[in-house]
S.K.: 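Take a look at the following structure, please.
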Amino acid sequence: MNTDWKLSTPPGSAVRVDAEVLAMRAPLVRVHRDDEGTWSFEGPGATGRDSQQTKLQAVVGAWPHVAALTDLDAGNAVVWSWRQHGWASEFVCECGSCETPVAGDIDRQSWPSELQPHTIISVEQVALSGQRPLTDILSTAGGIAMLGPGDHRRTVDQMTPVALANVIRRWPHTVQAMRSLQEGRGMRWNPEALNWHEYVLT
């Protein structure tokens, strides 16, 4: 049993994932639980799109920011806020003055000004595909690398170049780490505290 498991729903539970999200063509921006408590994970404008069944633990492994949804009850939904870099309850405004959260893709207005969206990041293929979780972000003189579990040695054929904009669409929880990452340092994801910890590269 994974001692880091945060959600009340068991890891092996069947869930539905938007096919576009699963194929990495759209970011995961909306999470919904039906009245029976079954989880659905969707991209922008996902209504009516095909979805595929997988396990909840696979979704949390691929998108660690889902582990923060410990308070999402049956019948409710949340959307990812690119401005606040966190989940926001989905609601319909009745007073007319609220800004209703929208499950959308990241746009120029919410893009962090200190990050260059076209910067190329080397991403380990097994982390990009969701086969293994993303655990480390490294900044060296040669550039930035994102890796799954294990030591830091990788061969070129294990890595894929990805634009920073697409990295952040894939892993929204990396934004703050990328903003504070300095050369010669690494960031490691802590699945217990659900945050990044900085360390010095040796």
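The chain is numbered in sequence order, starting from 1. Hydrogens, waters and symmetry mates play no part in the numbers below; they use all other heavy atoms, side chains included.
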S.K.: Not counting sequence neighbours, which residues clear salt bridge (charged side-chain N to carboxylate O under 4.0 Å, His left out) with K55? List them please.
M.R.: none
S.K.: Using a cut-off of 6.0 Å, state whether more than 12 heavy atoms not belonging to Q84 lie near its atom CD.
M.R.: no
S.K.: Would you call P149 and T135 a side-chain contact if the rule is heavy atoms closer than 4.5 Å?
M.R.: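 Yes; the side chains approach each other to less than 4.5 Å.
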S.K.: Just checking, is any N or O donor in the side chain of Q116 or T119 under 3.5 Å from an acceptor N or O on the other one?
M.R.: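 T119 and Q116 do not have a side-chain donor-acceptor pair below 3.5 Å.
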S.K.: Strictly distance-based, threshold 3.5 Å: is any side-chain N or O of R170 a donor or acceptor partner for the main-chain N or O of W63?
M.R.: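 Between the backbone of W63 and the side chain of R170 there is no qualifying donor-acceptor contact (under 3.5 Å).
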S.K.: Taking atom types as modelled, find out whether T160 and Q125 have a side-chain donor-acceptor pair closer than 3.5 angstrom.
M.R.: yes
S.K.: Taking all non-hydrogen atoms of both residues, which atom of A177 and which atom of I137 are closest, and how far apart?
M.R.: CB-CD1, 4.0 Å
S.K.: Do the charged groups of E20 and R49 touch, with an N to O distance under 4.0 Å?
M.R.: no
S.K.: Could you pull out all residues at least two apart from R33 that satisfy salt bridge (charged side-chain N to carboxylate O under 4.0 Å, His left out)?
M.R.: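 With sequence neighbours excluded, R33 shows a salt bridge (charged side-chain N to carboxylate O under 4.0 Å, His left out) to no residue whatsoever.
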S.K.: For a side chain to side chain contact (heavy atoms under 4.5 Å, CB included) with P44, tell me which candidate from D18, V29, V102 qualifies.
M.R.: V29
S.K.: Which residue pairs satisfy the salt bridge (charged side-chain N to carboxylate O under 4.0 Å, His left out) criterion with at least one member in residues 62-71, sequence neighbours excluded?
M.R.: none
S.K.: Taking the side chain as every heavy atom from C-beta outward, state whether Q52 and V17 have any pair of such atoms under 4.5 Å apart.
M.R.: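 In short, these two side chains do not touch, never coming nearer than 4.5 Å.
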S.K.: Grab the two heavy atoms, one from D136 and one from G148, that are nearest each other, plus how far apart they are.
M.R.: OD1-O, 4.4 Å
S.K.: Closer than 3.5 angstrom, by distance alone: can the side chain of K6 be matched with the main-chain N or O of L194 as a donor-acceptor pair?
M.R.: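 Between the backbone of L194 and the side chain of K6 there is no qualifying donor-acceptor contact (under 3.5 Å).
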S.K.: Is L147 isolated, or which residues cluster with it under the ILVMFWY side-chain rule of less than 4.5 Å, directly or via members?
M.R.: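 When side chains under 4.5 Å apart are linked, the cluster holding L147 also contains L138, M159, Y199, L201.
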S.K.: Applying salt bridge (charged side-chain N to carboxylate O under 4.0 Å, His left out), name anything that partners D34, two or more places apart in sequence or on another chain.
M.R.: none
S.K.: Please examine the side chains of L28 and E42, heavy atoms only from C-beta on, and report whether any two atoms are closer than 4.5 Å.
M.R.: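 With C-beta onward as the side chain, the pair stays apart.
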S.K.: If hydrophobic clusters are built from ILVMFWY residues whose side chains come within less than 4.5 Å, do L7 and V79 share one?
M.R.: no
S.K.: Do L128 and L134 come close enough that some side-chain heavy atom pair is under 4.5 Å?
M.R.: no
S.K.: Check each of W80, W189, W196, W171 against H65 using the ring pair (Phe, Tyr, Trp, His ring centres under 6.0 Å) test, and report the only one that passes.
M.R.: W80
S.K.: What's the shortest heavy-atom distance between S180 and E198, and which atoms?
M.R.: O-OE2, 4.3 Å
S.K.: Using modelled atom types and a 3.5 Å cut-off, is there a donor and acceptor pairing between side-chain atoms of W82 and backbone atoms of G86?
M.R.: no
S.K.: Contact between L69 and V31 at the side-chain level, heavy atoms closer than 4.5 Å - yes or no?
M.R.: yes
S.K.: Excluding sequence neighbours, so at least two apart, what forms side-chain contact (heavy atoms from CB on, under 4.5 Å) with Q131?
M.R.: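 By the side-chain contact (heavy atoms from CB on, under 4.5 Å) rule, Q131 matches V126, S129.
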S.K.: Tell me, please, whether W87 has R30 positioned over its six-membered ring: NZ or CZ under 6.0 Å from the ring centre and within 45 degrees of its axis?
M.R.: no
S.K.: Can you find a pair of side-chain heavy atoms, one from L164 and one from P117, that are under 4.5 Å apart?
M.R.: no
S.K.: Can you tell me how far the CG atom of N195 sits from the NE2 atom of H173, to the nearest 0.5 Å?
M.R.: 10.5 Å
S.K.: Taking all non-hydrogen atoms of both residues into account, name the closest pair between L115 and V175 and its distance.
M.R.: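 Shortest heavy-atom contact: CD1-O, 4.4 Å.
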S.K.: Using only heavy-atom distances, determine whether the side chains of S51 and R16 contain a donor-acceptor pair under 3.5 Å.
M.R.: yes
S.K.: Salt bridge or not between E124 and R132? Use side-chain N to carboxylate O under 4.0 Å.
M.R.: no
S.K.: Atom CE of M178 and atom CD1 of I121: how far apart are they, to the nearest 0.5 Å?
M.R.: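 Output value for this atom pair is 4.0 Å.
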S.K.: Under 3.5 Å, side chain of T140 to main-chain N/O of G143, donor-acceptor pair present?
M.R.: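 Answer holds: yes.
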S.K.: So Q176 and H85, do their side chains get closer than 4.5 Å, heavy atoms only?
M.R.: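 Yes. Closest side-chain heavy atoms under 4.5 Å.
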S.K.: For the residue pair F41 and L22, establish whether any side-chain heavy-atom pair is separated by less than 4.5 Å.
M.R.: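 Counting from C-beta outward, F41 and L22 never come under 4.5 Å.
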S.K.: Hey, mind stepping through M146 and V167 against side-chain contact (heavy atoms from CB on, under 4.5 Å) and telling me if it holds?
M.R.: CA-CA 9 Å; M146 306 182 92; V167 165; 3.2 Å; yes
S.K.: Hey, what do you get for CD (Q57) to OG1 (T9), rounding to the nearest 0.5 Å?
M.R.: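 Q57 atom CD to T9 atom OG1 measures 12.5 Å (nearest 0.5 Å).
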